[in-house]
Amino acid sequence: MIAAGEVIERPASVVKELVENSIDAGATEISVEIQGGGVELIRVADNGVGIPYDEVELAFQRFATSKLSVAEDLEAIATLGFRGEALPSIASVSQVTMVTRHADADSGARLEVLESQVKAKTPEGASPGTIITVQQLFRNVPARRKFLRSPGSESTRVQTLVTRYALAYPEIRFQLMAGRSRFASPGTGDLLEAVAAVYSLEVAQAMLEIDTLDEGDESGPQVTGVVGAPTVDRANRNYISLFVNRRWVQSRALNVAVEQAYHGFLKERRFPMAALNISMPFEDVDVNAHPAKSEVRFRSQDQVFSAVQHAVRQTLTAHTPVPEMRRAQVTAGGFSSAPARTATSFWPVQPFSRAAEAAGPTNGEVVAGISGNGPLYDGPLSPKSALPVLRVLGQVQSTYIAAEGPDGMYLIDQHAAHERVVFEKIQADAAAGAPEVQMLMEPATLELDARQQELLLDNQASFAALGLLVEPFGGDVFLIRGVPSILAEADPASALVDVLDEMSEGGDPETWQERAAYSIACHSAIRAGKVLTHQEMVELTRQLEACNQPHSCPHGRPTMIHLSATHLDREFGR
Ligand code: ADP
Ligand code: MG
């Protein structure tokens with residue numbers, strides 16, 4: 001009755017099955033260790049319920065499961081596992097050692113299985129829980145081994161998997177040791193803390209909690225979790241994690257639902273971050289559709305699709321109000337009476353498209369600063385759009401520089417402004433054939449997947465023009481020997497991966513160098529929230545004044561807002 005099949009394709013599939021077993025066993029701590037990309041060794045230890053001494057061998061028998069009692073249970077599966085297939089499949093292609101102690105027992109058992117044959121079983125003192133060690137994976141299936149990628153990229157898959165489960169189960173403390181990489185989630189039950197562990201504190205702070213104001217139908221799918229504010233967009237879809245009843249699922253349709261909810265919030269070819277769980281009655285979802293249980297079927301796909309889209313859209317609109325400056329114009333009420341705004345509320349709801357930029361000043365007086373003069377990205381830069389000399393007054397919210405000009409006041413977004421400065425500099429250096437390169441004392445290594453490698457090799461010369469010196473090292477490994485000096489402070493490997501991710505989303509091949517340049521600029525630009533000295537603000541403002549296109553960042557967002565003297569006078573009733 002089960003959609004059985006070969007579930008063990010690679011080390012990450014072993015880790016997936018073992019971690020799911022630990023979760024089903026009620027563990028609150030799960031630690032995963034791998035060596036040699038998981039081919040040499042995989043060890044998963046948990047503090048779950050364990051297995052009684054007499055039943056240890058049974059766990060390795062095909063189709064033996066403790067999770068279903070009658071066939072009808074298949075109609076409403078509440079556990080991650082249900083086929084009794086994983087342990088026997090793993091044990092048939094490796095050497096497995098299980099040490100387990102049931103919560104109610106005084107001591108535990110140790111079982112050794114080699115290619116499905118039980119070799120030894122002995123009592124063993126152990127703390128409650130289960131430790132499974134899988135060695136020499138595919139020792140007897142050379143064909144399967146040949147299919148594997150390098151240890152580094154197998155290891156990356158394992159890391160991705162463990163971090164997804166850390167997002168799905170914030171109350172479980174996960175640990176991962178993979179070669180020199182370490183990952184740990186706090187297990188506090190707080191999703192944002194898990195997000196901070198998986199990505200970064202900065203990302204966690206930019207996450208919006210799903211709030212569905214009108215709760216709607218309680219019996220239908222309920223969407224919870226977090227989505228990224230439009231400011232933390234990414235170059236591909238890998239940062240969208242979807243769970244159905246806390247099972248990590250791959251679903252094109254649901255990805256699309258999330259992406260569509262961001263329509264108008266993100267630029268083209270940029271993707272959101274999200275960690276969403278859809279909880280729904282077990283009988284409304286069929287998890288028995290796919291051998292790896294990673295694809296599911298819904299009784300009503302449309303209902304789930306619209307629940308996801310609606311929840312995300314509602315959260316985004318609630319958190320990203322229309323810029324108040326413009327609203328003030330429409331209502332003729334002064335912006336001085338507008339309620340306090342968050343650091344991001346000036347960001348336009350509609351990202352400024354090329355077309356809008358080309359159309360010139362359409363945004364009215366108060367935001368006159370963002371009016372473009374000619375297409376932003378195309379061809380030789382247009383004559384300088386005048387930016388008057390500004391006198392820096394101070395910093396607002398560690399994010400904006402307040403300055404005075406001949407005609408009123410300017411608020412400059414420090415990140416956007418710096419992005420613009422860096423972008424123009426590296427473009428100019430590249431055009432002059434003289435990038436400023438910082439050679440690394442010790443070359444940084446990084447592992448790339450096939451697509452990234454292809455992009456890199458096709459464009460190696462142009463990368464060099466930007467100051468990014470990368471060369472193949474053998475296998476999937478590449479060496480970064482030098483980086484644009486502007487990136488000297490950043491992590492070169494992650495900068496390069498981001499550039500390649502962004503490029504791999506396709507698009508107009510002619511603009512790839514610009515896209516790489518944006519990405520470098522974005523990586524090296526100072527962040528919002530960074531306190532700047534007066535001197536630094538003056539310096540940045542000077543550099544911005546010298547730019548060809550000072551009014552917008554390379555992504556088309558405004559670098560500044562201008563409050564004209566006339567406007568100020570009017571607002572104060574002078
Ligand atoms: P399934 O998860 O589909 O039941 P598996 O082959 O993965 O099948 O596991 C077989 C059985 O072994 C499980 O049903 C469970 O009773 C037991 N088991 C496996 N791993 C653990 C674990 N970490 N802790 C406790 N019991 C486990
Ligand atoms: Mg299982």
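We count ligands from 1, going down the list as the structure has it; atoms in each ligand are counted the same way. For the numbers below, each heavy atom of this structure counts, side chains included, while hydrogens, waters and symmetry mates do not. On a predicted model such as this, the values are computed, not experimentally measured, just so you know.
Atoms of ligand 1 found under 4.0 Å from any heavy atom of G81 (numbered from 1 in listed order, with element): 2 (O), 3 (O). Proximity to K67 (heavy-atom distance under 4.0 Å) selects the following atoms of ligand 1: 1 (P), 2 (O), 4 (O), 13 (C), 14 (O). Short contacts between ligand 1 and A64, defined as distances under 4.0 Å to a heavy atom of the residue, involve ligand atoms 10 (C).
A307 approaches P221 most closely through the heavy-atom pair CB-CG, 4.1 Å.
Proximity of T130 to ligand 1, defined as any heavy-atom pair under 4.0 Å, is confined to the side chain (atoms from C-beta onward). Of all the heavy atoms of T65, the ones lying under 4.0 Å from any atom of ligand 1 are found in both the backbone and the side chain.
Looking at heavy atoms from C-beta onward, E85 lies out of side-chain contact with E17 at the 4.5 angstrom threshold. Looking only at side-chain heavy atoms (C-beta outward), F298 and L254 come within less than 4.5 Å of each other.
Between A86 and ligand 1, an N or O atom pair is found at a separation short of 3.5 Å.
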Please evaluate residues Y199 and Y239 with respect to the criterion side-chain contact (heavy atoms from CB on, under 4.5 Å), reporting the C-alpha separation (whole Å), side-chain torsions for both, the decisive distance (0.1 Å), and the verdict.
CA-CA 9 Å; Y199 299 112; Y239 302 84; 3.6 Å; yes
Derivation and outcome, side-chain contact (heavy atoms from CB on, under 4.5 Å), residues L201 and Q205:
CA-CA 6 Å; L201 194 59; Q205 282 167 345; 4.0 Å; yes
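Note on T65: not counted as a metal contact of the Mg ion (ligand 2), no N/O/S atom lying under 2.8 Å.
Remark: E442 CD is loosely packed, at most 12 non-hydrogen atoms of other residues, nucleotides or ligands lying under 6.0 Å away.
When the heavy atoms of A91, G84, G129 are ranked by distance to atom 1 (P) of ligand 1, first place goes to G84. Summarising the contacts of atom 5 (P) of ligand 1 with V19, N21, N47, T79, the nearest heavy atom is found in N21.
In this structure, E85 has a heavy atom closer than 4.0 Å to ligand 1.
In terms of protein heavy-atom proximity, atom 15 (C) of ligand 1 is closest to S66 OG, 3.4 Å. Ranking the protein heavy atoms by distance from atom 6 (O) of ligand 1 puts L87 N, 2.9 Å first.
The aromatic rings of Y165 and Y169 sit parallel to each other, their planes meeting at less than 30°, with 60° as the upper class boundary.
A salt bridge does not link E20 to K67: none of the charged nitrogens lies less than 4.0 Å from a carboxylate oxygen.
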